[in-house]
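What follows is a set of notes on a single structure, which appears directly below.
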Amino acid sequence: MASPLQPARGTHDLIGEGFRRHQAVIDTARRIAALYGFEEWATPIFEDTRVFARGLGDTSDVVSKEMYSFEDRGGESVTLRPENTAGVCRALVSNGLTQSNLPRKVFYAGPMFRYERPQKGRYRQFHQIGIEVLGAAEPLADAEVIACGWQIQQALGIEEGTILEINTLGDAASREAYRAALVTYFTGHADQLSPDSRIRLEKNPLRILDSKDAGDRALMAEAPTIHSHLTAEAAAFYETVKRHLAAFGVPFRENPRIVRGLDYYSHTAFEFVTERLGAQGTVMAGGRYNGLVEEMGGPPTPSVGWAAGIERLAMLVETAGLTPAAPRAVAVLPTGEAAEAAAIEVLQFLRARGVVAEIAYRGNLKRRMERANRIGAAAAVLVGAAEAGPGEVVLRNLDAGTQAVLPLGNVTAALVEMGLFEAAARAT
RNA sequence: GCGGCCAUAGCUCAGAUGGUAGAGCGCCAGGUUGUGGUCUUGGAUGUCGCGGGUUCGAGUCCCGUUGGUCGCCCCA
């Protein structure tokens, strides 16, 4: 029956296939990011609350109502990280790296926490991978960051059905002018706005562009766009990002309604979206944030990056049928308890050569053979068989049901020949 | 934070109008002593998410609660 002790709401265990998918996402992302010259950082899972309150801005729900904040025993307010960009920027400053050779290119992976109502693809403890280029004002950095994300999705085999949508939020001057124009426009149609959007009009008018309300969307058709309010510099920046994206070979679609939720973004904003995940269709999202390092007490350090939800990527891996198979072991089977000591020697012999080797702890040969079958072993090595001479074992192919007597020293070679262990070939 | 739907063995699920629970898969043990996967025989398992209520009697009705799920808000 169901245990009375369940995982806390919005958390989940990663076991078996789920863990392998999760790990595959991280491994793949780490590998591709390394190709782009990113180094991996691990920053704390909790930080001084001010890191996030200051970094993310107070209009975002993430800060106003979703943070796991609490006082520690010393009376300090700390917060479980709701995202990692602020933490990375804080780390750059704390470690004096704003004086190092910039840009600094950072990759990270780990758990994040937001107190939200869970649903598919959205959890209270979830995991993200992300990259940041710290200290690069050039649009080439924006394009490369996006290209890296796209290549990770390709390497994962999940890029089909996902499209990159990009937009620009402009620089501070562009954004201010646009914001004013939007307020003027929507205030004139306030009676037609959804209740949610009337609140947005007060707090963060740009977010109205994000609304899913049909009425709001109808109004949007006539709404002013950022593009007519961009400064010459901002417009040129955006054009260059798009040109470089094309050179990187990343397909994209412009979407003037992308605004990003967190306050620190400017210029480039983008999302990789898919239809396959229901309401949580954003799979990777980010943009440029030129003021965040300063917020953390550092010098002006223009930066750009993205974060992606590992759970969402893993779901795409699952639906694509790309869940990694569990490694198949070689089962070492003593013919009886008397042969156990010899079997242990064989186990260690195989492991030393890079072969995944397992032994069932108890039972007669039949029991242990059943066990070998149940764990999906590809082959069995029988130790102590009557037909095997000194230094010999019986190697049985559990898929084919064939077996042969051979010297222990020839087992790894035989496994390679059977097509079962390329890894063993490399190790020997 | 708001609304819809759901909650029965490890898993997937069946249990018309209320009468103290079933299947398939899986698991365990046999089908003689050193060989699995197929086949075959037998076996165990559930306080029917939790707490109240209605009733002679509730998995089945009502209320609450917890969790999941879908959507909104927001966001990865």
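In what follows, every chain begins at residue 1, and chains take the letters A, B, ... in the order their sequences are listed.
- At a threshold of 4.0 angstrom between heavy atoms, the contacts of A/Gly401 include nucleobase atoms, whether or not backbone atoms are also involved.
- Mapping A/Ala8 and A/His127 onto RNA chain B by nearest heavy atom places A/Ala8 closer to the 5' end of the strand.
- Nucleotide B/A21 forms a pair with no other nucleotide shown, judged by Watson-Crick or G-U wobble geometry with both contacts under 3.5 Å.
- A distance of about 24 Å separates the C1' atoms of B/U20 and B/G43, rounded to the whole Å.
- At the heavy-atom level, A/Asp399 lies under 4.0 Å from base atoms of the strands shown.
- For A/Asn373 against B/G37, no side-chain N or O and base N or O form a donor-acceptor pair under 3.5 Å.
- Within the 4.0 angstrom heavy-atom criterion, no nucleotide atom of any strand lies near A/Gly130.
- In this entry the distance linking CD1 of A/Ile26 with P of B/A76 reads 18 Å, nearest Å.
- Ring planes of A/Phe38 and A/Tyr36: tilted class, angle from 30 to 60°.
- Using the Watson-Crick or G-U wobble rule with both distances under 3.5 Å, B/C39 pairs with B/G31.
- Using a 4.0 Å heavy-atom criterion, one finds that A/Ala285 contacts the sugar-phosphate atoms exclusively.
- No contact: A/Arg371 has no heavy atom under 4.0 Å from any strand.
- Among A/Asp142, A/Ile258, A/Leu230, the one residue that satisfies the side-chain contact (heavy atoms from CB on, under 4.5 Å) test with A/Thr168 is A/Leu230.
- When the side-chain nitrogen and oxygen atoms of A/Arg207 are compared with OP1 and OP2 of B/C75, one or more of them lie within a distance under 4.0 Å.
- Nucleotides B/U8 and B/C61, compared at atom P, are 14 Å apart to the nearest Å.
- In this structure, the CG atom of A/Leu209 is 12 Å from the P atom of B/C74, given to the nearest Å.
- In this structure, A/Val283 reaches the sugar-phosphate backbone alone: every heavy-atom distance under 4.0 Å involves primed, P, OP1 or OP2 atoms, never a base.
- Rounded to the nearest 0.5 angstrom, A/Gln125 CD and A/Ile45 CD1 are separated by 7.5 Å.
- In plain terms, the two heavy atoms of A/Ala141 and A/Val133 that are nearest each other are CB-CG1, 4.3 Å.
- Between A/Tyr178 and A/His229, the ring planes lie tilted relative to each other; the angle falls in the 30° to 60° range.
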Please enumerate all protein N or O atoms sitting under 3.5 Å from an N or O of nucleotides 27-30 of chain B, with distances to 0.1 Å.
| from | atom 1 | to | atom 2 | distance (Å) |
| --- | --- | --- | --- | --- |
| B/G30 | OP2 | A/Arg367 | NH2 | 3.1 |

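- You'll find the ring centres of A/Tyr289 and A/His267 outside the 6.0 Å limit.
- Side-chain atoms of A/Arg9 lie closest to B/G67 of the nucleotides B/C74, B/G67, B/G36.
- A straight line from CZ of A/Arg124 to P of B/G68 spans 8 Å, rounded to a whole angstrom.
- Rounded to a whole angstrom, the distance from the C1' atom of B/G4 to that of B/C39 is 49 Å.
- Here the side chain of A/Leu382 is nearest to one of B/U35, B/C73, B/G1, namely B/U35.
- Taking every side-chain heavy atom of A/Gln119 into account, B/G71 is the closest of B/A76, B/U35, B/G71.
- With a 3.5 Å ceiling on both atom-pair distances, B/U54 lacks any Watson-Crick or G-U wobble partner.
- Going from the P atom of B/A16 to that of B/U32 covers 44 Å, rounded to whole Å.
- With hydrogens and angles ignored, a donor-acceptor pair under 3.5 angstrom links the side chain of A/Arg114 to the base of B/A76.
- No contact: A/Glu271 has no heavy atom under 4.0 Å from any strand.
- For the C1' atoms, the distance linking B/U55 with B/G19 amounts to 12 Å, nearest Å.
- Taking the six-membered ring where tryptophan is involved, the planes of A/His12 and A/Tyr123 are tilted, since the angle between them lies from 30° to 60°.
- Note on A/Glu311: nothing from the nucleic acid sits closer than 4.0 angstrom, heavy atoms only.
- When heavy atoms are screened at a 4.0 angstrom cut-off, A/Gly10 is found touching the sugar-phosphate backbone but no base atom.
- The side chain of A/Arg396 lies closest to B/G36, out of B/G36, B/G67, B/C74.
- Atom name P, nucleotides B/G15 and B/G22: the rounded distance is 15 Å, in whole Å.
- Residue-to-nucleotide contacts include a donor-acceptor pair under 3.5 Å from the side chain of A/Arg312 to the base of B/C75.
- With a cut-off of 3.5 Å on both Watson-Crick or G-U wobble distances, the partner of B/G1 is given as B/C72.
- Rounded to a whole Å, the CD1 atom of A/Ile258 is 13 Å from the C1' atom of B/C75.
- Taking atom CZ of residue A/Arg117 and atom C1' of nucleotide B/C72, one finds them 10 Å apart after rounding to whole Å.
- A/Arg371 CZ: 12 or fewer foreign heavy atoms inside a 6.0 Å radius.
- For the P atom pair drawn from B/G26 and B/U12, the interatomic distance equals 15 Å after rounding to whole Å.
- Shown here for A/Phe349 and A/Leu408, the closest heavy-atom pair between the two residues is CE2-O, 3.6 Å.
- With P as the reference atom, B/U40 and B/C48 are 34 Å apart, rounded to whole Å.
- Residue A/Asp196 places its side chain closer to B/C72 than to any other of B/G68, B/A76, B/C72.
- In this model, no side-chain donor or acceptor of A/Arg368 finds a partner on the base of B/G36 within 3.5 Å.
- The shortest side-chain heavy-atom distance between A/His127 and A/Arg312 does not fall under the 4.5 Å cut-off.
- Regarding A/Tyr265, its OH atom lies at a distance of 10 Å from the P atom of B/C75, rounded to whole Å.
- An anti orientation is assigned to B/A44, its glycosidic angle lying beyond 90° of 0.
- Under the 6.0 Å cut-off for aromatic ring centres, A/Phe248 and A/His244 do not qualify, their centroids lying 6.0 Å or more apart.
- Both distances falling under 3.5 Å, in either a Watson-Crick or a G-U wobble arrangement, occur for no nucleotide opposite B/A16.
- The partner of B/U65 is B/G49, by the rule that a Watson-Crick or G-U pair needs both atom distances under 3.5 Å.
- Closest to the side chain of A/Lys120, out of B/C70, B/C74, B/C2, is B/C70.
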